[in-house]
There are 2 protein chains.
Amino acid sequence: MSTQPAKGKSKTEILEAAVPLFAEAGFKGVTMRAIARTVGLNAATIYHHFQDKQTLYIAAMAHAFARKAEILSAALLSDAPPADRLEQFVAALCQLVHDDPDFGKLIQREILAGDAVRLRLLAEQVFREFFTSLVALCKELAPGYNPHMLAVSIIGLVAYHYQVIPLRQHQPGSKPEHNDPRFVTGHVTHLLLQGIMVRQGGEQKSSSAWTASG
Amino acid sequence: MSTQPAKGKSKTEILEAAVPLFAEAGFKGVTMRAIARTVGLNAATIYHHFQDKQTLYIAAMAHAFARKAEILSAALLSDAPPADRLEQFVAALCQLVHDDPDFGKLIQREILAGDAVRLRLLAEQVFREFFTSLVALCKELAPGYNPHMLAVSIIGLVAYHYQVIPLRQHQPGSKPEHNDPRFVTGHVTHLLLQGIMVRQGGEQKSSSAWTASG
DNA sequence: GTCTATATGCTGATAGAC
DNA sequence: GTCTATCAGCATATAGAC
């Protein structure tokens, strides 16, 4: 909270060094010495800024997840028609996980770690608001579906594509373009809105769902 | 390979003790002592059966993934119509990840670990065959879609629902029934085949896609 | 095959000089 | 605020008795 003008390394610098390290190797895979080396400090100095490793880790999570919630919420709050809001949200989510791979990795690691307290905080303080907005959109867009399940499916379609890149890049038909946020947005939006059963003779490229933002 | 009739603990017993431990805590989160304690041995004895921890870990992965490939392939090889084969596959995948949570966790951990050699082995020796069959089904079922992307989407819709249970259980609208393989199968199959745009007045419960297996 | 004992290294964390 | 020096604990892995 207090500004530190050119007066030693700040807590923020330590956090910004720690986030990618924790994303890549997890809590036990990162040593205090490694974080200190990255930020250009001695390991003991970290303990002047943070009580212990656990405290530093939680602060790093909070720093990594800050502002993500409002980015996701914002895409859901336009006054466009429901189908367009869906596409805007899918596009925003694709862009987010594409531009910040650490974000997805840290969430996966938190899920695997399975700490009940931290998971509850993550669910309530980071995802609750935007998830509720997404559920509302699902109710409006597809009243026949279970809105909770549909919301999870929408997020999952995007998140999974980026999550399994290290595996699916070895599978037949994989191309680098498939990681382009616009390409994933087009695929996911069309699949959600139209489903698999394309009418024979139907030209899907002419569907408005394939265009990026209009 | 050699049978050991009632002659000390077998390698298989060690592997079957190690798999759930590695799934729960990851490579660095599991000590040789913990594995030994679980199987009822001294830590040093493990080194009589396995060269080192890394070798034991890879053997445990191979043991955990054995036979999974053919379970998934089998569901794709019936002579039913494409849409029914899709539902059979979705049902089989739901059942698999529901009955064996370790399976999904270990795959996630391997993806996060990011070892290029191990990921290539996993992709080629465990998933290649069934993924190729799924891509073929996608081409047959939905020629208008990119088959690679569609195959990933199908797997992702199922895998993601089970993967994020620890997070989505804290979100509004979550119910325990949503983890039932039959429920997830119904939701995913209907979403894939029909998409979101349900016709007004259409009664989705009457769709054959909602019924479990006929 | 299984054990005890132990070597060796790395880790989180602290004490205290500057 | 940052450093050096250091401790105590635990990890992997080995040596060798039984």
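Per chain, numbering begins at 1; letters A, B, ... match sequence-line order.
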Once you round it to whole Å, what is the distance between C1' of D/dT12 and CZ of B/F50? 16 Å

With a 4.0 Å cut-off on heavy atoms, is A/T31 in touch with a base, just the backbone sugar-phosphate, or nothing at all? sugar-phosphate

From C/dA13, D/dA5, D/dT14, pick the nucleotide closest to the side chain of A/A44? D/dA5

For this output row, return yes or no: ring centroids of B/Y145 and A/H190 closer than 6.0 angstrom. yes

With the side chain of B/M32 defined as its heavy atoms from C-beta on, choose the nearest nucleotide among C/dA13, D/dC3, D/dT12. D/dT12

Using atom CD1 of A/I46 as one end and atom P of C/dT11 as the other, report the distance to the nearest whole Å. 14 Å

Below 4.0 Å: OP1/OP2 of C/dT2 and any side-chain N or O of B/H49: yes

Taking for each residue the nucleotide of DNA chain D bearing the nearest heavy atom, is the 5' side occupied by A/G40 or by A/R33? A/G40

Looking at A/E24, I want to see if its CD is surrounded by more than 12 non-hydrogen atoms of other residues, nucleotides or ligands under 6.0 Å. no

Give a yes/no answer on whether the side chain of A/H48 brings an N or O atom under 4.0 Å of OP1 or OP2 in D/dG1. yes

Atom NZ of A/K68 with >12 non-hydrogen neighbours under 6.0 angstrom: yes

Atom CG of B/L56 and atom C1' of D/dA11: how far apart are they, to the nearest Å? 15 Å

Taking atom P of D/dT14 as reference, at what distance in whole Å does atom NZ of B/K53 sit? 14 Å

Measure the distance from CG on A/N42 to P on C/dG16 and round it to the nearest whole Å. 17 Å

What do you reckon, are the aromatic ring centroids of A/F27 and A/Y57 less than 6.0 Å apart? yes

Side-chain contact test, heavy atoms from C-beta onward, threshold under 4.5 Å: evaluate it for A/L137 versus A/I154 and give yes or no. no

Round to a whole Å and report the spacing from CG of B/D52 to P of D/dT12. 11 Å

Please give, in whole Å, the distance from D/dA11 P to B/Q54 CD? 18 Å

Whole Å only: how far is the OH atom of B/Y47 from the P atom of D/dG16? 18 Å

Please determine whether a side-chain nitrogen or oxygen atom of A/T45 lies at a distance below 4.0 Å from atom OP1 or OP2 of D/dC3. yes

